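Some notes on the structure that comes next.
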Amino acid sequence: MGSSPLSTILMIALMVVAFYFLLLRPQKKRQQAQQKTMTEIQPGTQVLLGSGIFGTVVSVAEKQAVISTAPGVELTVLKQAIARIIQPGDEFSEPIESVEEAHEDPYGEPSEPNEPIDPFGNDPKKD
């Protein structure tokens with residue numbers, strides 16, 4: 001008892017439609033979003049690179065962008081390396097302002113950034 005050719009063709013057509021909606025359409029939307037991001041990049045825009053580096057766009061060319069990561073430090077990257085544009089109010093938009101904040105104890109007591117740690121619990125300052 002074989003299946004009819006019509007049901008076989010219908011099953012293949014259903015698989016093609018499912019393939020389109022599950023794979024091709026989302027990929028096309030991602031490409032359009034990435035292209036929109038590339039066109040919105042202009043000098044002064046804060047960005048996040050795919051490697052996790054934050055910076056501000058200094059200049060933009062056709063395929064490259066110059067990113068300033070710190071005063072006097074500039075990186076030339078491919079525009080495709082820019083993962084997203086940081087908008088005001090994003091959780092990433094406020095950088096740590098000082099070294100003391102980076103080394104602050106979660107309980108509010110600042111610690112020394114290069115304080116030696118003794119795994120046995122001895123106080124190195126007593127010596």
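Worth saying up front: this structure is predicted, and the values here are computed from it rather than measured.
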- prompt: Going hydrophobic residue to hydrophobic residue with side-chain gaps under 4.5 angstrom, can you get from Val57 over to Ile85?
  reply: yes

message: In the structure I gave you, are the side-chain heavy atoms of Thr56 and Val47 within less than 4.5 Å of one another anywhere?
response: no

- prompt: When you look at Val60 and Lys79, which way does the side-chain contact (heavy atoms from CB on, under 4.5 Å) test go after all the steps?
  reply: CA-CA 8 Å; Val60 181; Lys79 286 172 66 174; 3.9 Å; yes

task: Using a 4.5 Å cut-off on heavy atoms from C-beta on, say whether the side chain of Phe54 contacts that of Gln46.
output: no

Listed pairs under 3.5 Å, donor-acceptor, residues 34-45 side chains, sequence neighbours left out:
residue : atom : partner : partner atom : Å
Thr37   : OG1  : Ala33   : O            : 3.0
Thr39   : OG1  : Lys36   : O            : 2.8
Thr45   : OG1  : Gln42   : N            : 3.4
Thr45   : OG1  : Gln42   : O            : 2.8

- line: side-chain contact (heavy atoms from CB on, under 4.5 Å) with Phe19: of Val17, Leu23, Leu22, only one passes, and it is Leu23

- prompt: Got Leu49 and Ile82 here, is their nearest side-chain heavy-atom distance under 4.5 Å?
  reply: yes

- prompt: At what distance, to the nearest 0.5 angstrom, does CD1 of Ile67 lie from CG of Leu75?
  reply: 7.5 Å

Candidate list Lys29, Arg30, Lys28, test side-chain contact (heavy atoms from CB on, under 4.5 Å), partner Pro26, passing option: Arg30

